[in-house]
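Chain A is the first sequence line, chain B the second, and so forth, proteins listed ahead of strands; every chain is numbered from 1. All values derive from a computational prediction rather than experimental measurement.
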Amino acid sequence: MVKKVRSHITQNEPLLFERSSPGKKGYQLPDLDVPTVSAEEALGADNTRAEIEDFPEVSEVDVIRHFTRLSTWNYAIDLGCYPLGSCTMKYNPRVNELVARTEGLAWAHPYQPESLAQGAMEVMAALEAALAEITGMDAVTLQPAAGAHGEYTGLLLTRALLESRGNPRKKILAPDSAHGTNPATATMAGYAVENIKSNDRGVISPETLAAAVNEDVAALMVTNPNTLGVFEEEIRKIADIMHSKGCMVYMDGANMNALVGIARPGDFGVDVMHLNLHKTFSTPHGGGGPGAGAVAVRSHLEPFLPGPRLKRVGEAWSWNYDLPQSIGRVRAFYGNFGVLVRALAYIMAHGGPGLRLATMDAVLNANYVRKLLEPYYEIAYKAPSMHECVFSDDRQAAKGVRTGDIAKRMIDYGFHPYTVSFPLIVHGALMIEPTETEGKAELDQMAEALIAIADEVEKDPQMVLKAPHTTRTGRVDEVGAARKPVLRWKRS
Amino acid sequence: MLDAIGAESLESLFSHLPEDVRLARPLNIAAGKSEYEIVDYFRARGGETANGYASFLGAGVYSHYRPVMVDTVVSRGEFLTSYTPYQAEISQGILTTIFEFQTMICQLTGMDVANASMYDGSTAVPEAAMMAARVTGRDRVLVSRAVHPEYREVLATYASRQGMPVEEIAYDAATGSVDLEDLERKLDTKTAAVIIQSPNFFGAVENVKKAAALAHAKGALLVYVFAEAVSLGLLEPPRDADIVVGELQSFAITPSYGGPFAGIIAAKEKFLRQMPGRLVGESKDVNGNRAFCLTLSTREQHIRREKATSNICTNQALVALMATVFMSVYGKQGLRELAQQNLSKAHYLASKLPVRFSGPFFNEFVVKPGRRTPAEVNGELLGKKIIGGLDLERFYPELKGSVLVCCTEMVTRSQMDEVARAFGAGE
């Protein structure tokens, strides 16, 4: 069957604290070239700790073995296809890791004189320009640290603009297929949220939207393509409806990798959007972060962007703090600069034509996988797929097997599962995003695995329900973990 | 593949997009470059910075040595190229390291629980303020003026949209520490949180016990902020605080022109359900073996949506792993010795200069205005490939002429002597 995996040895490994023994060390500091100062005298005895109780004491070899062994317990893009829908797990080019560590960039202090930071500022300016061109927007801020932080920034910009027009308004509209961050962000920005029901094609219908829009609505948050991987074909009409009532259109750019080089939000009526540089522009997810959530706006929102802003003064870059209408800072300093370096390197490596080709390959791969799986799994909506396709577990649920079980069985075949049970509008969703960096052979193997599982569900559902069978760790008792939380190690 | 799909061409996959939505021209971005050209471009940009300079800048971003082990570990593809560990069975590696991270943060801060990371120190501050508001059912926030100015700016941005009034507490003009009398005056029964930083922006160590006692007397929570994590190698952990937030940049995270860094939020156990961000918990698998998984996610946006404790999703996992490896390499003895070296270096330089504030300090202190302006001092130092301290007028107009100077283990005695000379010491 699928030839991707066979068993091999994995090492056991205790926690660092369990490896620890008194007096062990893995570091060597240089001899102090000034007199030693007594901490008790300098800081006061009350302010000084005797020791860091139970902190690890291990050797250098202990450290490398510990983390290397743990690393082998992890799945990763470097090991194979990672088809998490909406997460865009594409290959992370290693040259980007190298250039982000360039001495003069990695060690640049945010407060060093501007005359000695020109290279870093130039990198940011170049990235701002590239992202403005890709999105068709007028200005970009690189300050937000992640997608949700970008959403937050975008809604504050919306609020500031509407406030300057006399009324910040009260509500944000979001389709029922939206990411959870959208409603959570609206709350943080001081707005109530109203869900817009998707139509039977899985998209927003202009009629439903028109009925919901009034003078209380500040903005629509729309993901395009949406979380079903379906392009909102009526997006222009949607934008017109919003604009006619003085509302903004916010685009969640989580799925921008389906549009780069093909269509630009700035050209189809979007006022403000964020980009996840750790998705579309391939900066590594690193087990959950860091990301970067650049926000792009049309010119009417530009005066409100967080500061400072880059400004060209003669032949040099300068930071401009004189921004009377700015929403203020959303984080210290200028953004996740190291992530920005990687994103620019990605854009440079691809170039305009390469970025467009990457988009087309991503859409090709998703449609190919959809085609292979459609005979075995129920496609949730018939509309054409962009970069991802969403199935439901309807057929398998009849045998008592749900999307979460199929996902666990995929692990036995050597793949990371797809996104489970999202979007919420699909009952028992299997959300598959292969990305453009998978070749046909890996996609065929992945599809073959899912087809084999569909067959197993028919013949031996109990076996699937107990998956995974081959991992060093079996199904984890997540209910138990939440019921009696143990969130740190303690000496017993 | 096109044949399998039944598509004529790659372009035809987009034919359902309305004509007026599609971009009719190529992107105006130069054609793709080779790996060598990309490396060359960034080397050139790196050359247009302060490459090779010694630095006496701190102010929230510190130049500490990074053990080689750190990049060795985080460069492993299994960590670098994995996603958030929702699938516990194939994510035990990162889950275990996060559990160790949470544990070490608790050990350092004296708190009961810590999360898997926040974006950075600055954004962790408003998250703590909002958490305190949920816990106390109050909305007013008091923040020390000696908290990092940019952290306070971020707090102001968040608080104003939450309808949370923020008021500043003065610092004592003599000691540079928070003015406890001013704090007592401003505290009332509407106050949700009192936010202090230690060592504060001027480097001064705060009296946490007293600040906590004042806050608690009015039913407010004390939020302790740290920006220089190495200080915790020597300083008494802030056990009297209710919530601790901080920035781990000092733990083997390069200054990187301001990010990515890693923030933390830690708290007393009773406030656990109001914590933002991801948490890893210990459990067992079906075979009865110890296993870890993400837990208490009913606080989070993907489950609770508009009722979540925060909108945070992506955090700083890989950066937190850098800090975890750093803490493992230095360990119990090393972090103390490192902190001791920082303390000794700063006090060596301070002994040669007129120090503005009398409060105890760790590795940063303020130099009084002298005959030369900060610009003159720093200009002279730049000629010697030394970046001097921060001119405080930028954030504190009343401290015009004063300079914030930081000494880590990375500066040498001879460089410190140069700095002392530039300030006019011994003239």
Side-chain angles (χ1 to χ4, degrees), chain A residues 27 33-34 37 39 43 49 55 57 67 70-71 73-78 99 102 104-106 108-110 116 118-120 145-146 148 180 183-185 187 190 193 268 284 286-291 328-329 332-333 336-338 351-352 354 360 363 368 384 471 474 476-477 481 486 488-489, chain B residues 1 10 27 29 31-32 42 45-46 48-51 57 73 76-78 80-82 84 88-90 92-94 103 119 122 150 153 157 161 236 254-260 281-283 285-286 291 293 295 301-302 305-306 308 311 313-318 332 334 344 347-348 360 413:
Chain A
Y27 73 97
D33 58 0
V34 297
V37 169
L43 300 170
R49 77 196 303 165
F55 219 52
E57 292 178 88
F67 289 102
L70 291 185
S71 76
W73 301 354
N74 249 22
Y75 192 79
I77 300 171
D78 285 0
V99 297
T102 303
L105 300 177
H109 190 290
L116 288 174
Q118 289 297 307
T185 300
T187 303
V193 187
F268 56 68
R329 279 185 175 283
F333 315 118
N336 277 349
F337 177 76
M360 293 196 291
V363 174
Y368 179 69
T471 46
V476 179
D477 179 8
V486 177
R488 58 171 295 190
W489 174 86
Chain B
M1 287 169 79
L10 283 173
L27 285 174
I29 292 175
F42 286 100
R45 299 293 78 74
E48 295 160 3
T49 62
N51 205 354
L57 277 174
V73 171
R76 284 195 67 95
E78 298 92 330
L80 182 74
T81 75
S82 62
T84 306
E89 297 85 353
I90 46 170
Q92 287 297 306
I94 191 81
T103 303
Y119 303 138
S122 76
E150 296 199 15
E153 286 180 46
T157 303
R161 280 75 185 188
E236 180 67 9
T254 54
S256 194
Y257 207 47
E282 184 182 324
S283 188
D285 74 357
V286 285
C293 60
T295 193
Q301 50 76 28
H302 62 282
R305 299 177 77 86
E306 66 269 20
N311 70 341
C313 179
T314 291
N315 60 16
Q316 304 291 118
L318 196 74
K332 191 183 216 170
S344 301
H347 282 258
Y348 171 79
R413 182 177 186 141

| request: Flag the one option from B/Cys313, B/Ala317, B/Ala308 with the top tally of heavy-atom pairs under 4.5 Å to chain A. | output: B/Ala317
| Heavy atoms, side chains only, cut-off 4.5 Å: are A/Leu105 and B/Tyr257 in contact? | no
| CZ/A/Arg488 to CD/B/Glu282 distance, rounded to the nearest 0.5 angstrom? | 12.5 Å
| Expected output: side-chain B/Ser344 to main-chain A/Val37 donor-acceptor under 3.5 Å | yes
| note | Bottom line for B/Tyr348: the part with an atom under 4.5 Å from chain A's heavy atoms is side chain
| message | Would you compute the distance between atom CH2 of A/Trp73 and atom CD of B/Gln92 and round it to the nearest 0.5 angstrom? | response | 7.5 Å
| Counting heavy-atom pairs under 4.5 Å to chain B, which of A/Ala39, A/Ala184, A/Ala145 comes out on top? | A/Ala184
| Considering all heavy atoms of both residues, which atom of A/Gly352 and which atom of B/Leu27 are nearest to each other, and what is their separation? | CA-CB, 4.2 Å
| said: Please identify, among A/Pro284, A/Ala120, A/Gly328, A/Ala106, the residue contributing the most non-hydrogen atom pairs under 4.5 Å to chain B. | reply: A/Ala106
| In terms of heavy-atom pairs under 4.5 Å with chain B, which of A/Gly291, A/Gly104, A/Gly288 leads? | A/Gly288
| task | Could you tell me whether a side-chain N or O of B/Ser122 sits under 3.5 Å from a main-chain N or O of A/Ala332, the two making a donor and an acceptor? | result | yes
| Pick from B/Leu57, B/Thr81, B/Thr295 with the largest number of heavy-atom pairs that fall under 4.5 Å of chain A | B/Thr81
| field | Residue selection (most heavy-atom pairs with chain B, distance under 4.5 Å) from A/Phe67, A/Tyr75, A/Phe268 | value | A/Phe67
| For B/Thr157 against A/Arg329, the heavy-atom pair lying closest together | OG1-O, 2.5 Å
| query | Who among A/Ala481, A/Ala146, A/Gly190, A/Gly354 has the most heavy-atom pairs with chain B under 4.5 Å? | reply | A/Ala481
| Heavy-atom pair count under 4.5 Å with chain A, highest-scoring of B/Thr84, B/Asn51, B/Ile90 | B/Ile90
| request: Name the region of A/Tyr368, side chain, backbone, both or neither, that has any atom closer than 4.5 Å to a heavy atom of chain B. | output: both
| Any donor-acceptor N/O pair, B/Asn311 side chain to A/Ala148 backbone, under 3.5 Å | yes
| query | For residues A/Ser71 and B/Arg76, is any side-chain donor paired with an opposing acceptor at under 3.5 Å? | reply | yes
| remark: A/Thr187 and B/Glu306 have their tightest heavy-atom pair at OG1-O, 3.0 Å
| query | Is it the backbone or the side chain of B/Val73 that comes under 4.5 Å from a heavy atom of chain A, or both, or neither? | reply | side chain
| field | Top contributor to chain B interface from A/Gly351, A/Pro384, A/Gly286 [non-hydrogen pairs under 4.5 Å] | value | A/Gly286
| Contact origin within A/Val363 toward chain B - heavy atom pairs under 4.5 Å | both
| Short question: side chain of A/Asn74, backbone of B/Ile94 - any donor-acceptor pair under 3.5 Å? | yes
| So what's closer than 4.5 Å to chain B heavy atoms on A/Thr471: side chain, backbone, both or neither? | side chain
| query | Of all of B/His302, B/Arg305, B/Glu48, B/Glu153, which one pairs up most often with chain A through heavy atoms under 4.5 Å apart? | reply | B/Arg305
| said: To check you understand the geometry: which heavy-atom pair defines the closest contact between A/Gly338 and B/Ser256, and what is its length? | reply: N-OG, 3.5 Å
| message | Measuring from atom CG of A/Asp78 to atom OG of B/Ser82, what distance do you get when rounded to the nearest 0.5 angstrom? | response | 9.5 Å
| Region of B/Thr49 in contact with chain A, defined by heavy-atom distances below 4.5 Å | both
| said: With rounding to the nearest 0.5 angstrom, report the CG to CE distance, B/Leu10 to A/Met360. | reply: 5.0 Å
| note | For B/Arg413 and A/Val34, the nearest pair of non-hydrogen atoms, with its separation, is NH1-CA, 4.0 Å
| field | For the student: nearest non-hydrogen atoms of A/Pro290 and B/Gln316, plus distance | value | CB-NE2, 3.4 Å
